[in-house]
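All values below were derived from every heavy atom in this structure, side-chain atoms included, with hydrogens, water molecules and symmetry-related copies excluded.
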Number of protein chains: 4
Amino acid sequence: MRISERRAKKKREEILKSAIAIVNKKGYEGTTMEEIAAALLMTKGSLYYYFKNKDDLIFQCHNFVLSKAVKDLEKCLRAENGVSASDTLKKMIEIHIYYAFNQKESLNLIIEPKKAYTGEYLEPVLRLRKHYAGLFDEIIERGVTQGEFVVHEPIITRQFILGGLNWVQQWVRPNGRLTIDDIIDLFAYNILKILK
Amino acid sequence: MRISERRAKKKREEILKSAIAIVNKKGYEGTTMEEIAAALLMTKGSLYYYFKNKDDLIFQCHNFVLSKAVKDLEKCLRAENGVSASDTLKKMIEIHIYYAFNQKESLNLIIEPKKAYTGEYLEPVLRLRKHYAGLFDEIIERGVTQGEFVVHEPIITRQFILGGLNWVQQWVRPNGRLTIDDIIDLFAYNILKILK
Amino acid sequence: MRISERRAKKKREEILKSAIAIVNKKGYEGTTMEEIAAALLMTKGSLYYYFKNKDDLIFQCHNFVLSKAVKDLEKCLRAENGVSASDTLKKMIEIHIYYAFNQKESLNLIIEPKKAYTGEYLEPVLRLRKHYAGLFDEIIERGVTQGEFVVHEPIITRQFILGGLNWVQQWVRPNGRLTIDDIIDLFAYNILKILK
Amino acid sequence: MRISERRAKKKREEILKSAIAIVNKKGYEGTTMEEIAAALLMTKGSLYYYFKNKDDLIFQCHNFVLSKAVKDLEKCLRAENGVSASDTLKKMIEIHIYYAFNQKESLNLIIEPKKAYTGEYLEPVLRLRKHYAGLFDEIIERGVTQGEFVVHEPIITRQFILGGLNWVQQWVRPNGRLTIDDIIDLFAYNILKILK
DNA sequence: GATGAATGAGGATTCATTCAT
DNA sequence: AATGAATGAATCCTCATTCAT
């Protein structure tokens, strides 16, 4: 029981990972169950053994990666040592860009949830996204409290910052003139200019 | 001929405008030819007299709006009076947000062109977008030249700024707590903080 | 406009008639859109030009024939001349058996509507059936009023009678020992025995 | 062997009983192997250890119930005490209605066997049904022989009566205005009117 | 120019069935 | 005996596209 359950979970993750790659290449509507199955050398029907339907599968793709990213951000945010808000934020920017870049295939923050998800799946997606965004609110607030940041309308500012960060997936290409670390530095530099 | 040509052109624009409204609401994949036709009290078939196919039509929607936005931006950029770079940029931000707000989907800069457009349509879209972005580069450069802005790596900074601006589409809702004008002010405020 | 409308209606009826034959041979679930289309030398897709979906098509099949039967029964019931209730009823039996026999392919009173129809289609089917049954109630009631019939619990009795009549489709075969007219006579004889 | 055989038989019956309940609720096509298995806390696959395939299983459901009904009818018919044909018939009506009411679908005499059963299963079903009907012929004949009934064309009359009885399935609902016993009385009353 | 009608290529989903373990 | 997993055929339905009139 234990074993088969674990095996099933592993398989589910395997499917998710493969599906994520396809979804991010072709988009939500552009991806077919057929294609996902084929990439795994399975048949369409088998997918339905592991996922209720396409919406479910795609939803779990999104969830899978976003949850991981959230966990990373939270760890960074909860670090107990006396790190300044600026440094924590910079670390968070790094994490975000890491996901957007290395896991581009998996964390599509760009798609509009309302178009991609319906009914029962929409709400959890929105919740998770809100949570994700909230982590940035938290660090901004902390910076303000500690007198490190000066922010007018923090929510709008956070929206602006996240927009800039998300946009990375649209244009950053590996092997560009600048390294990822360069970009992270520049972004952090710009963002701190806004917040100070 | 002349007359009929002109009439056809007018009809084409009429279709575009109606289609844009629908695309804005339902998105690219969510829009059907049927729906576009119905809204104009035409039949599906007739659309094919004016547009080669759906991709063509949607492409032209995008083009139509983006071109108008470009024209607006250019007019603002070319205004000969001695406006400061800051003020010009603020005006440009206003224009962008206006379009992002009112023409949501047809000016969907968030869409990855490589996903949405194929073959003959991809290249013009990319070109126009590059042009659009270039207008922001231009104003930044001007500000730098005139000693008004101080920018490190202007392209990266512009990408960041445009990201923040494009993202507006995803979250600005009419009747929110803040008015569009408030948001424009806040965005300009933040952006100028980066650039100064 | 007139013409094309009329042509469409004719086509719709053509489809219905063909579909009716198939549905009655294979049953509701056993019939596929493919099959219906093939029988008409059309493609599946075309059916959807005329009918919203399978439920709609099947519903209209049922409706088409049942409505005709109802009309026939009503004409017979409303005949102004001083026909006795017995004679009217006999005529109605004849009509019912006529449909069950000659139009066996089309009037399947046997299928359980609740299983075959869903949502929006169930209610009209039930209503029409109730109406059909009501016509028999009417003649029974008339007979009672006129002192011609003596009936205890007319609804139950009518249910019993209609059951016996509907059953005809299960066993009457053309070219049996008895003619249809024989069967009608025998049924009328038995039914009148119940009612008198 | 003996023991395991007996255990298998018991299991088979257990499955049948559970399946019958489901089939009664959802009908032949509406029932899935999955569902039957789930109700028994088994998996789909296991069912195939006990039954060749779905047709087999459903056929045996039908058989199981119909055989029991036949047995009940026969017991009633063979009762040696000097019961009148009328009383025997009334008892048979009671049995039929009891089954029609409680075992709705699995004793679905309304289903056209040729539609539901194929190949090897069709013939036994037809045979059993014929036998079932024959029991009613028998009592009618006995009544005639004993001078209790007067029947013209007994086969047609029996068809009519059985039709009325089978139809019960379609309309009797628990908690109606009349009790089952009321309905049995009324049916018997009407049927005897025909036969006398 | 316009349209009614038809088409056909998919795509999601269901489910009976199989089979290695 | 049982099951988890996989399969594939079948089925409904959508929609861009075509074309004769």
Exercise for review: Round to a whole Å and report the spacing from CD of A/E34 to P of F/dG8.
Suggested key: 11 Å
Review point. Of the candidate nucleotides E/dA12, E/dT13, F/dA5, which contains the atom at the shortest distance from the side chain of A/N53?
Key: E/dT13
Review point. In whole angstrom, what separates D/I15's CD1 from F/dA1's C1'?
Key: 11 Å
Check your understanding: Of the nucleotides F/dT17, F/dC12, E/dG1, which one has an atom closest to the side chain of B/K54?
Key -> F/dT17
Practice item. May I have the step-by-step check of side-chain contact (heavy atoms from CB on, under 4.5 Å) for A/M42 and A/Y49, ending in yes or no? Key: CA-CA 11 Å; A/M42 307 171 89; A/Y49 183 77; over 6 Å; no
Check your understanding: Looking at residues at least two apart in the chain, or sitting in another chain, which of them share a side-chain hydrogen bond (donor to acceptor under 3.5 Å, both in side chains) with C/E120?
Key -> C/K52
**Study point:** Phosphate-side-chain proximity, D/K52 and E/dT17, N/O vs OP1/OP2 below 4.0 Å
**Key:** no
Check your understanding: Rounded to the Å, how far apart are A/D55 CG and E/dG11 P?
Key -> 16 Å
**Study point:** 5' priority, DNA chain F, between D/A8 and B/M33 [closest heavy atom]
**Key:** D/A8
Review point. E/dT3 C1' sits how many Å from C/R7 CZ, rounded?
Key: 12 Å
Check your understanding: How would you list, by chain and number, every residue that makes a ring pair (Phe, Tyr, Trp, His ring centres under 6.0 Å) with D/F59, sequence neighbours excluded?
Key -> D/Y121
Check your understanding: Tell me: NZ of A/K11 to P of F/dG4, nearest whole Å?
Key -> 16 Å
Review point. For C/I36 and F/dT11, what is the distance between atoms CD1 and C1' respectively, to the nearest whole Å?
Key: 12 Å
Practice item. Round to the nearest Å and state the distance from C/E29 atom CD to E/dT14 atom P. Key: 15 Å
Exercise for review: Check for a donor-acceptor pair, side chain of D/K68 on one end and backbone N or O of D/Y99 on the other, with a separation under 3.5 Å.
Suggested key: no
Revision key, fill the gap. Across all chains, not counting sequence neighbours, the salt bridge (Lys or Arg N to Asp or Glu O under 4.0 Å) partners of C/K44 are C/E34
**Study point:** Bracket notation of DNA chain F in which parentheses pair within the strand, [ ] cross earlier pairs, and | pairs with another strand (Watson-Crick or G-U, under 3.5 Å)
**Key:** .||||||||||||||||||||
Check your understanding: Can you name the salt bridge (Lys or Arg N to Asp or Glu O under 4.0 Å) partners of C/K26, sequence neighbours left out?
Key -> C/E35
**Study point:** Residues touching DNA chain F, which here means a heavy atom under 4.0 Å, drawn from residues 37-51 of chain C
**Key:** C/K44, C/Y48
Point to revise | Listed partners of C/E123 passing salt bridge (Lys or Arg N to Asp or Glu O under 4.0 Å), at least two apart | key: C/R127
Revision key, fill the gap. Contacts of B/K9 meeting salt bridge (Lys or Arg N to Asp or Glu O under 4.0 Å) (sequence neighbours excluded), chain-then-number -> none
Practice item. Return the value, rounded to whole Å, for the distance between atom CZ of C/R12 and atom P of E/dA5. Key: 8 Å
Review point. Among all residues two or more places apart in sequence or in another chain, which pass the ring pair (Phe, Tyr, Trp, His ring centres under 6.0 Å) test with B/F64?
Key: none
